[in-house]
Structures are given as structure tokens and as C-alpha cells.
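Below: the structure, in C-alpha cells.
Starting from 1, each residue takes its place in the sequence as its number. On a predicted model such as this, the values are computed, not experimentally measured, just so you know.
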Amino acid sequence: MSSLPQTIRPPTDGEGVRRRILDAAEHVFAERGYAGATTREIALQADIRKRMLFYYFPTKAVLYHAVLERIVMSLVAIHERFRDEPGPIGLGEAAEALTAFAAANLGALKLLHREIMDAGPHLAGLARTHLRPLFARGAEEVERNMARGNFRRGDPMHTLVNVGGLTLYYFLLIPLLGLVWDRDPLASATLAERAGVVRDWLMHGLAAPSPGEE
């Protein structure tokens with residue numbers, strides 16, 4: 001028997017394996033943080049050998065970046081899905097989609113916010129490649145609706161921040177809400193109500209006259 005090391009051959013379902021690795025990594029990174037996560041545990045949760053993980057992602061840092069990028073691209077996809085809808089309708093639908101995404105991906109949301117709050121090493125690259133263009137496109141659409149009289153006038157960035165704050169921050173409060181609220185914050189009925197509240201508050205705020213316009 002030859003003693004030469006065998007070449008690692010990727011399985012035929014390469015995309016499926018890559019997705020399993022990213023899913024496992026997202027869970028482990030969210031639970032343990034970057035420093036506490038190990039590629040051994042990630043490979044175990046993905047049901048692959050560790051060396052197969054390194055075939056797809058040569059370092060833990062590369063894997064972590066790929067996880068963050070997948071999260072950001074999911075947010076970009078939500079914006080792209082509704083950007084051609086008329087202003088108030090598109091904004092409301094996007095807010096509901098963000099709420100649904102966050103509810104189904106609590107670990108992903110935790111990871112992304114941790115990177116933002118810590119000004120992590122991957123944030124600048126993600127902002128340059130994905131987030132800055134996303135905010136720029138969003139601001140253009142808000143400005144267009146302001147010019148048409150659909151939205152109240154102001155800095156479009158405040159509108160975008162309010163959308164993110166109303167939709168996503170709720171889910172960062174889940175551990176606290178479970179202690180101070182007599183309802184299950186993740187129950188289907190509660191989430192449906194939350195989505196409606198977000199839409200109503202956004203629409204009311206944007207439709208209200210700006211100071212001095214009354």
C-alpha cells in the first residue's frame with residue numbers, strides 16, 4: 001500500500017457540502033464567538049472530516065468571512081426583491097421580509113451585529129463590497145420617493161437606519177423579552193403582530209409632515 005498522502009477529492013454534491021459547512025459554522029460562531037469556535041467542532045456539526053472543511057475554506061478566518069458574507073447577501077437579496085415596488089409598498093414588504101429573516105436566522109443576526117459592534121476585521125471589507133452599495137441604492141430610492149411626495153423629507157440615512165432598527169433590534173432583545181414579557185416573543189402570532197407594528201410605524205412616520213410643513 002502506498003504511503004503517499006491521498007489527494008482530497010471533493011464530493012459530487014459540492015454545493016451541498018459547502019452549505020452544510022456554512023450552516024454549521026454560523027451556528028458555532030454564533031454560540032461560541034470567533035475565538036471560542038474550532039474548525040473541529042464545525043466539521044463535526046457539518047458531518048465531514050476536518051480536512052474536507054479546509055478543502056473548501058483554507059482557514060478559520062476565511063470561513064468566518066464567508067459566513068458573514070452569506071448573511072449580508074441575504075439582506076441584499078431582500079432589498080433587491082422589493083426595490084421595484086412602489087415606495088410605501090416596497091418599504092413595507094421589505095420590512096416584513098427583514099422581520100421574517102431575522103426570526104428564522106437569530107444566530108446570523110447575532111453574528112452580524114457582533115461584527116458591527118466590535119468593529120471587527122471583516123466589517124470594512126463587507127461595507128466596501130456590499131453594504132455601502134446597498135445603502136447607496138436604498139438612499140436613492142428613498143430620495144426618489146421624497147421628491148415624489150410619497151415620503152416626508154429628510155436625510156435618507158435616517159429612514160434606512162429606522163428600517164433596520166425597527167425590524168432587527170427586536171430580535172437582539174429576545175433573551176430579555178423572554179424575561180419581562182408575558183408572551184413568547186418568537187411565537188408565530190407575536191411575530192405577525194410585530195411585523196404589522198413595524199409596517200404601521202414606518203408608514204406613519206414617513207407619511208407625517210416634516211416640521212414647518214403643516
Step-by-step side chain to side chain contact (heavy atoms under 4.5 Å, CB included) determination, Phe151 to Leu91: CA-CA 11 Å; Phe151 295 163; Leu91 185 62; 4.1 Å; yes
message: Between Val197 and Arg194, is the side chain to side chain contact (heavy atoms under 4.5 Å, CB included) condition met? List the steps.
response: CA-CA 5 Å; Val197 168; Arg194 178 63 192 172; 4.3 Å; yes
What distance do [X] atom [atom1] and [Y] atom [atom2] have between them, rounded to the nearest 0.5 Å?
X	Y	atom1	atom2	answer
Ile89	Met203	CD1	CE	9.5 Å
Arg19	Leu22	CZ	CG	9.5 Å
Met146	Glu141	CE	CD	12.5 Å
Leu172	Leu177	CG	CG	10.5 Å
Leu106	Glu26	CG	CD	10.0 Å
Asn105	Asp23	CG	CG	9.5 Å

Does [X] use its side chain to pair, donor to acceptor, with the backbone of [Y] at less than 3.5 Å?
X	Y	value
Glu115	Leu123	yes
His130	Leu126	no
Thr190	Asp184	yes
Asp155	Met157	yes
Arg114	Ala30	yes

Closest contact, heavy atoms only, [X] versus [Y]:
X	Y	value
Asp47	Arg20	O-NH2, 3.6 Å
Leu166	Leu202	CD1-CD2, 3.6 Å
Phe57	Ala66	CE2-CB, 3.6 Å
Leu191	Tyr170	CD2-CE2, 4.2 Å
Gln45	Ala24	CB-CB, 3.8 Å
Leu160	Ala139	CD1-N, 3.7 Å

For a 4.5 angstrom cut-off between non-hydrogen side-chain atoms, does [X] reach [Y]?
X	Y	value
Leu112	Leu75	yes
Leu168	Leu109	yes
Glu41	Glu31	no

Please check if the number of heavy atoms outside [X] that lie under 6.0 Å from its [atom1] is greater than 12.
X	atom1	value
Trp181	CH2	yes
Arg40	CZ	no
Arg81	CZ	yes

[X] with [Y], same ILVMFWY side-chain cluster at under 4.5 Å:
X	Y	answer
Phe54	Tyr56	yes
Leu44	Met52	no
Ile71	Val76	yes

Aromatic ring pairing Tyr34/Phe29, orientation class (parallel under 30°, perpendicular over 60°, tilted between)
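Tyr34 vs Phe29 ring planes: parallel.
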Discussion item. Under a 4.0 Å threshold between the charged nitrogen and the carboxylate oxygen, would Arg137 count as salt-bridged to Glu80?
Written reply: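 Yes, Glu80 and Arg137 are salt-bridged.
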>> Using side chain to side chain contact (heavy atoms under 4.5 Å, CB included), reason through Thr59 and Tyr64 one step at a time and then give a plain yes or no.
In response: CA-CA 9 Å; Thr59 68; Tyr64 186 67; over 6 Å; no
task: For side chain to side chain contact (heavy atoms under 4.5 Å, CB included), just list the numbers for Leu176 and Val180, CA-CA rounded to whole Å, side-chain angles, deciding distance to a tenth of an Å, and then say yes or no.
output: CA-CA 6 Å; Leu176 175 61; Val180 301; 3.8 Å; yes
